[in-house]
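Letters A, B, ... are given to chains in the order of the sequence lines, protein chains preceding strands, and every chain is numbered from 1.
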2 protein chains.
Amino acid sequence: MPGIKDVAARAGVSVATVSRALNRHPSVSEDARSRVLAAVEELGYRPNAVARSLRTDQTRTLGLVISDVLNPYFTELARAVEEEARSLGYSVIIGNADERPDLQDHHIRTLRDRRIDGLLVSPTDGGTPLLLDTARAGTPVVFVDRWIPGADDVDVPVVRSDGRDAVRELVAHLHRLGHRRLAIIAGPAATTTGSERVEAFREALAAHGLELPDAYIGQGDFQAESGRRATERFLDLSEPPEAVFAADNLMALGALDAVRSRGLRVPHDIALAAFDDIPWFVHTDPPVTAIAQPTGELGRAAVRALVDRIEGRAARSVTLPARLVVRRSCGEGREGGGTPPENGPRPGNGTEPQKRSNP
Amino acid sequence: MPGIKDVAARAGVSVATVSRALNRHPSVSEDARSRVLAAVEELGYRPNAVARSLRTDQTRTLGLVISDVLNPYFTELARAVEEEARSLGYSVIIGNADERPDLQDHHIRTLRDRRIDGLLVSPTDGGTPLLLDTARAGTPVVFVDRWIPGADDVDVPVVRSDGRDAVRELVAHLHRLGHRRLAIIAGPAATTTGSERVEAFREALAAHGLELPDAYIGQGDFQAESGRRATERFLDLSEPPEAVFAADNLMALGALDAVRSRGLRVPHDIALAAFDDIPWFVHTDPPVTAIAQPTGELGRAAVRALVDRIEGRAARSVTLPARLVVRRSCGEGREGGGTPPENGPRPGNGTEPQKRSNP
DNA sequence: CCTCCTTGTGGAAACGTTTACACGGTTGAT
DNA sequence: ATCAACCGTGTAAACGTTTCCACAAGGAGG
């Protein structure tokens, strides 16, 4: 593979001139520039990013550590992140933490070793000091989706969506359909999304004069299997809930499994709703009512915030609203008013062509 | 961030000794080693991977270019790849080509600039010379899932799964259920998986004395939208097919959409099957019959082949069998014999707890 | 004509590692 | 006692860039 020296020799100039020509440095003659460009073309020269990074102390690479690649929510996030980063001239290295703190640390460490310019993290459960230490050590860090509470002494912007209103809407929806005993399958308490969603749910219930007994809080870990277990426990109760709200899509999947393997049916025997909307929810049996985050926008905003920081500009936290998408998994009843405006009119409810960002 | 010099100073040795101590070079005294280790610990020193790569001319990084991150099949593949790579001491940089040749080239170029040690590609449509040039230039390359035919002059192992038998089984299944007019939604002709699956389907039909008329071959691009369009065209035919086989899961999703938006029902009005099984197929309405690839094993085998090549060992192509998973989307009829042995007995067919690799 | 600035260029240092080579000291064989 | 072999260590070169500095040539202003 040819180096800059080869180009210089071929163009009859020094390596310094080649470098300048390639980096659009102003003071290089038209003549030299064109000879260099020609030589580059002929040799098929490509600058060695490793050497360049060593010298300039920047890799133009972002690290993205997410909690679970298999979760469609994160995969959509990752896609948006990569897209936005690319448009800003950065590459992205993805690390999959699989909801495991040790894996998360592994990736953070590897990414730091690689001298990435900035880190985008959706932190898992588990109090690992490494992440915050990284931020303290000066690496630009931005949290996306979830965040770590102890990050007060170092300023790490958080890009996330606020589901409070949507949860309120959901509870109103359930209430209107006659459901009174509402349960939730929570995420790990240590994750912000885990605890926040429970709180929002509890508050929304309170607004209707309902309580959230401990027995109606299932402990999950954002994985399908935990959703199944929690649901089974609910169903074993002497007074099982009439509706279950899963704090993420995978746990909703598990819940669906559990309900079905008992020979019960959604929403006839029990209602189901989920946080995080995904394309597949349109096609499940029944289509499931979900709270949709503006995932793509979240990813893009996060990248912009991170790059702002990297390039020395100020970056602020961003919170975008989530919205409720009503389908059929909570019952169809006499949903009178146009509460959810986005799909009131259409008759074939729940089967709207799902927009995918890639036509 | 401390460098090797700082460690050397602190430990009272030369940088060479530090380097040797850290790389388990045999000839370094116990005394020196422990002092170095102590200094490393105290300073929180981590070797700069960039500098190391420049010197050693290896990055211990693999590139993975896949055609669509949003496709659960590829995301599962990516996950397996990362896992296996990590266990072998490599990192993975993922590039999402989104089925676009230009994006694929972009990623290949970027990855080469980064001097990755090897490249894992599931090539998109489109005759880009860059990929094969990369292989010719000496970068170890392994194809996974799909491959490029023109790769004869340079030896690039192919790790994929063979769906021929499974397609035969599927056609037999459809035939037994009484379907005679069978259609397929193909992938891009330029991708091997695109054309191969059509061929396998055609052959299987022939074995039953059936033909595959051109009108029953829909041209798709592995994206949901194309599956919808193809299906609509099928349904507009004066004699629409009785069964549709989608060459990937996303197009099956689109087909499901199309059928439903016409007010028709699967499998009552039309049967549906897909290549690539994914967890969600258990929960769609109806659960869809699919051909399952050993995705994880594919990813792992591909990494092993690539690393073998990187480390100078020989690497051979691998072909693993796919298998049919019968659910309800083709009709339940009088499926008498135990053709698909793996789910004959269970009564609540199609709702088997889906195994996910992460409990 | 001298000075001063501008413009284009090249030499060489620097980035943080690994590693070839050299060297001094100890050991073991002769 | 001499020599070879070996062990642990340090010095310095190298990897492929970017960039600081110096410098030559040329033009403008005095």
Ignoring backbone atoms, test whether [X] places a side-chain nitrogen or oxygen under 4.0 Å from the OP1 or OP2 oxygen of [N].
{"X": "A:S14", "N": "C:dG10", "result": "yes"}
{"X": "A:N23", "N": "D:dT18", "result": "yes"}
{"X": "A:R52", "N": "D:dT18", "result": "yes"}
{"X": "B:S29", "N": "D:dT9", "result": "yes"}
{"X": "A:T17", "N": "C:dT9", "result": "no"}

Could you state the atom-to-atom distance from [atom1] of [X] to [atom2] of [N] in whole Å?
{"X": "A:H25", "N": "C:dG10", "atom1": "NE2", "atom2": "C1'", "result": "13 Å"}
{"X": "B:I4", "N": "C:dT19", "atom1": "CD1", "atom2": "P", "result": "11 Å"}
{"X": "A:L43", "N": "D:dG16", "atom1": "CG", "atom2": "C1'", "result": "15 Å"}
{"X": "B:R115", "N": "D:dG16", "atom1": "CZ", "atom2": "C1'", "result": "9 Å"}
{"X": "A:E30", "N": "C:dT9", "atom1": "CD", "atom2": "P", "result": "10 Å"}
{"X": "B:Q58", "N": "D:dC15", "atom1": "CD", "atom2": "C1'", "result": "13 Å"}
{"X": "A:K5", "N": "C:dA12", "atom1": "NZ", "atom2": "C1'", "result": "13 Å"}
{"X": "A:L54", "N": "C:dT17", "atom1": "CG", "atom2": "P", "result": "9 Å"}

Checking [Y] against [X]: is there a side-chain donor and acceptor pair closer than 3.5 Å?
{"X": "B:N96", "Y": "A:E83", "result": "no"}
{"X": "A:R114", "Y": "B:T61", "result": "yes"}
{"X": "A:S67", "Y": "A:S122", "result": "yes"}
{"X": "A:R112", "Y": "A:T134", "result": "yes"}

Side chain of [X] - closest among [options]:
{"X": "A:S27", "options": "D:dT18, C:dG8, D:dG10", "value": "C:dG8"}
{"X": "B:A51", "options": "C:dG16, D:dT9, C:dA12", "value": "C:dG16"}
{"X": "A:N48", "options": "D:dG16, D:dT18, D:dT19", "value": "D:dG16"}
{"X": "A:R55", "options": "C:dT9, C:dT17, D:dT19", "value": "D:dT19"}

Provide the closest heavy-atom pair for A:L306 versus A:G118 in the form atom of the first, atom of the second, distance.
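Smallest interatomic distance, heavy atoms only, reads CD2-C, 3.8 Å.
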
Where do B:V28 and B:A32 come nearest, in terms of heavy atoms and distance?
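Taking B:V28 first and B:A32 second, the nearest heavy atoms are CG2-CB, 4.0 Å.
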
Between B:D57 and B:G12, name the one whose nearest nucleotide on DNA chain D is closer to the 5' end.
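It is B:G12 whose nearest nucleotide is closer to the 5' end.
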
On a plain distance test, is the side chain of B:R20 in donor-acceptor contact with the base of D:dG10 below 3.5 Å?
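Answer is yes: a donor-acceptor pair is held.
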
Under 4.0 Å, counting only non-hydrogen atoms across every strand here, what does [X] touch: a base, just sugar-phosphate, or nothing?
{"X": "B:A32", "answer": "sugar-phosphate"}
{"X": "A:V50", "answer": "nothing"}
{"X": "A:T56", "answer": "sugar-phosphate"}

